[in-house]
Amino acid sequence: MNLSRRLLIGVLAFVAIGATIRSAAAAQAQAYLIADAQTGYILEEQEPRKKLQVGSLTKIATACVVLDWSEKKSGDLNAGVAIPPEAFRGTTENNIGFQPGDTISLRDLLYAALVQSDNIAAYTLAYYVGSRLEPIEAGAKLTPADTFVAQMNALAKQLKMERTRFVNPHGIDWKVKPLPFSTAEDMARLTRYAMNKPSFRFYVSQKERQISFNRQGQQLSYVLRNTNELLGKNGIDGVKTGTSARAGQCLILYANRESEVVRNGQMETVYPRHIMVVLLCSTNRFGEGEALMQRGWQLYDQWAAAGRMADPKKIL
């Protein structure tokens, strides 16, 4: 076999492998979206407006409401909070080993909710901050958690997440009525908002984090481990996993490359390079997420080389 023919076969095989990765990615997830995080330009999508359960991706909204409250009301994230008995209802997992009455800082609750996706931490955040929020509907008799969830939905409306409904702060959808739902497109909007907060970016970038809490005068500690297996690989520095029987495997990834500097005569333009992938209802979120991120950078490079023209209809 001559050299040119071997090269041709090699190229065709490479193309076939790439096509297989893309088609496999498209087939596994019920919905996905790849976007330039800087501009919100959608590079590729599949069923981006399909309503699906998103599991613990919900906690991104929970963290945003807490951080917004802290910024606007000067809420102290180092304040100690007692974990209420209500935080244990509806959840079967308690990997950290919390007990009702344990006291822990809001900051460590945020780490627990975002790094290790802890449901008890997410509910406790909602209970504490919700008790300090003004009810959206005057006169409505809502629990602190209900007041907080109403604020989550108000944030969704503000971000034009028109096909999203939050019903609790952790995303549990078992024996829950009405069911929560969102879309790949809406979760991408939420992620852009969240990642504009330096504190949120820091929380979700941590592979491990030690937290401490107090139980009847005894100081206890626990090392959180991030549920995002792709964190730290190929420039990926966030964001969050989500899982439930209804939601399947969900994942949002955010990745960075060094900014591109384009010179035109005396003019110099700096283009930050950030892309994100939103993946809903997959059976292999990390394999698929990695393939979609690779695909995303290929699409980004093509888009940048063509002048970064963005169709207004494809902007988040």
Side-chain angles (χ1 to χ4, degrees), residues 22 25 29 31-46 48 54 57 59-61 63-64 67-68 71 110 114-115 155 158-161 182-207 226-242 250-263 268-280 282 285-286 288-316:
R22 289 194 296 274
Y32 74 80
L33 180 146
I34 307 169
D36 169 48
Q38 191 70 20
T39 63
Y41 178 64
I42 298 169
L43 297 164
E44 188 169 274
E45 58 192 9
Q46 174 180 290
V54 299
L57 299 185
K59 296 183 178 90
I60 298 173
C64 284
L67 294 172
D68 285 347
E71 291 163 13
L110 282 165
L114 291 173
V115 173
L155 174 63
Q158 174 192 326
L159 298 178
K160 295 184 170 55
M161 297 167 64
S182 190
T183 69
E185 187 176 271
D186 281 0
M187 292 310 297
R189 290 190 176 101
L190 176 63
T191 300
R192 285 189 75 212
Y193 179 81
M195 291 296 278
N196 275 325
K197 297 179 179 295
S199 54
F200 181 91
R201 282 203 310 273
F202 185 78
Y203 293 134
V204 297
S205 71
Q206 302 301 293
K207 285 187 176 182
N226 204 304
T227 55
N228 181 2
E229 293 177 12
L230 297 179
L231 193 66
K233 297 180 180 178
N234 301 316
I236 294 171
D237 60 1
V239 172
K240 184 83 187 67
T241 62
C250 301
L251 179 66
I252 300 179
L253 298 172
Y254 194 97
N256 295 286
R257 283 184 177 173
E258 190 176 343
S259 296
E260 181 184 357
V261 179
V262 176
R263 293 179 178 84
E268 186 175 275
T269 307
V270 178
Y271 292 100
R273 294 191 292 176
H274 313 298
I275 64 172
M276 62 179 169
V277 169
V278 179
L279 184 66
L280 303 183
S282 170
R285 63 182 167 202
F286 296 121
E288 189 173 0
E290 197 166 25
L292 286 174
M293 184 59 76
Q294 181 183 353
R295 168 80 173 147
W297 283 121
Q298 292 170 354
L299 293 168
Y300 180 93
D301 289 342
Q302 292 168 13
W303 174 62
R308 291 184 168 83
M309 299 296 288
D311 180 350
K313 294 177 182 177
K314 295 189 71 177
I315 298 287
L316 289 169

Go through the side-chain N and O atoms of Glu44 and Tyr32 and say whether any donor and acceptor fall under 3.5 Å apart.
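The answer is yes; a qualifying pair exists.
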Looking only at heavy atoms, what is the nearest atom pair of [X] and [Y], with distance?
| X | Y | result |
| --- | --- | --- |
| Gly238 | Leu231 | N-CD1, 3.4 Å |
| Gly296 | Leu43 | O-CD1, 4.0 Å |
| Met276 | Ala188 | CE-O, 3.3 Å |
| Ala310 | Ile315 | CB-CD1, 3.9 Å |
| Asp301 | Arg273 | OD1-NH1, 4.5 Å |
| Gln46 | Ala29 | NE2-O, 2.9 Å |

Knowing that exactly one of Ile236, Leu230, Val277 qualifies, which makes a side chain to side chain contact (heavy atoms under 4.5 Å, CB included) with Glu290?
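Of the listed options, the one satisfying the test is Leu230.
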About how many Å separate [atom2] of [Y] and [atom1] of [X], when rounded to the nearest 0.5 Å?
| X | Y | atom1 | atom2 | result |
| --- | --- | --- | --- | --- |
| Leu67 | Tyr193 | CG | OH | 9.0 Å |
| Ser182 | Leu57 | OG | CG | 8.5 Å |
| Arg201 | Met195 | CZ | CE | 6.5 Å |

By side-chain contact (heavy atoms from CB on, under 4.5 Å), which residues pair with [X], not counting sequence neighbours?
| X | answer |
| --- | --- |
| Ala184 | Ala31, Leu33, Val278, Leu280 |
| Ala194 | Ile60, Cys64, Phe200 |
| Gln302 | Leu299 |

Holding to side chain to side chain donor-acceptor pair (under 3.5 Å), I want the full list of residues that pass it with Ser282, two or more places apart in sequence or in another chain.
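Per chain and number, Ser282 pairs via side chain to side chain donor-acceptor pair (under 3.5 Å) with Glu288.
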Identify, with sequence neighbours excluded, every residue that meets side chain to side chain donor-acceptor pair (under 3.5 Å) alongside Thr39.
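If we apply the side chain to side chain donor-acceptor pair (under 3.5 Å) test to Thr39, skipping adjacent residues, the hits are Asp36.
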Set of salt bridge (charged side-chain N to carboxylate O under 4.0 Å, His left out) partners for Lys197, sequence neighbours left out
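In terms of salt bridge (charged side-chain N to carboxylate O under 4.0 Å, His left out), with neighbours along the sequence ignored, Lys197 is linked to Asp68, Glu71.
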Any pair counted as salt bridge (Lys or Arg N to Asp or Glu O under 4.0 Å), so long as it reaches residues 307-316, sequence neighbours left out:
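Non-adjacent pairs meeting salt bridge (Lys or Arg N to Asp or Glu O under 4.0 Å): Glu260-Arg308.
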Tell me which pairs pass salt bridge (Lys or Arg N to Asp or Glu O under 4.0 Å) where either residue lies in residues 182-194, with sequence neighbours left out.
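Applying salt bridge (Lys or Arg N to Asp or Glu O under 4.0 Å) to every pair that reaches into residues 182-194, excluding sequence neighbours, yields Arg49-Glu185, Glu185-Arg189, Asp186-Arg189.
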Under the ring pair (Phe, Tyr, Trp, His ring centres under 6.0 Å) test, which residues partner Tyr300, sequence neighbours left out?
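Applying ring pair (Phe, Tyr, Trp, His ring centres under 6.0 Å) to Tyr300 gives Trp297, Trp303.
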Which residue pairs pass the side chain to side chain donor-acceptor pair (under 3.5 Å) test when at least one of the two sits in residues 226-236, sequence neighbours left out?
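Residue pairs passing side chain to side chain donor-acceptor pair (under 3.5 Å), neighbours aside: Thr227-Thr241.
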Apply side chain to side chain contact (heavy atoms under 4.5 Å, CB included) to the pair Glu45 and Ile34, showing each step before the final yes or no.
CA-CA 6 Å; Glu45 58 192 9; Ile34 307 169; over 6 Å; no
Please check if the side chain of Arg263 supplies one atom and the backbone of Glu268 the other of a donor-acceptor pair under 3.5 Å.
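Absent.
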After noting the C-alpha distance and the side-chain angles of Leu159 and Leu190, does the key distance pass the side chain to side chain contact (heavy atoms under 4.5 Å, CB included) rule?
CA-CA 7 Å; Leu159 298 178; Leu190 176 63; 4.0 Å; yes
Is there a side-chain contact between Leu279 and Leu292, using heavy atoms and a 4.5 Å cut-off?
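The answer is yes, as the side chains (C-beta and beyond) meet within the 4.5 Å cut-off.
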When the side chains of residues 251-258 are checked against the rest of the protein, which donor-acceptor pairs come out under 3.5 Å, sequence neighbours left out?
unit_1: Asn256; atom_1: OD1; unit_2: His274; atom_2: ND1; d: 2.1
unit_1: Asn256; atom_1: ND2; unit_2: Asp237; atom_2: OD1; d: 3.3
unit_1: Asn256; atom_1: ND2; unit_2: Asp237; atom_2: OD2; d: 2.5

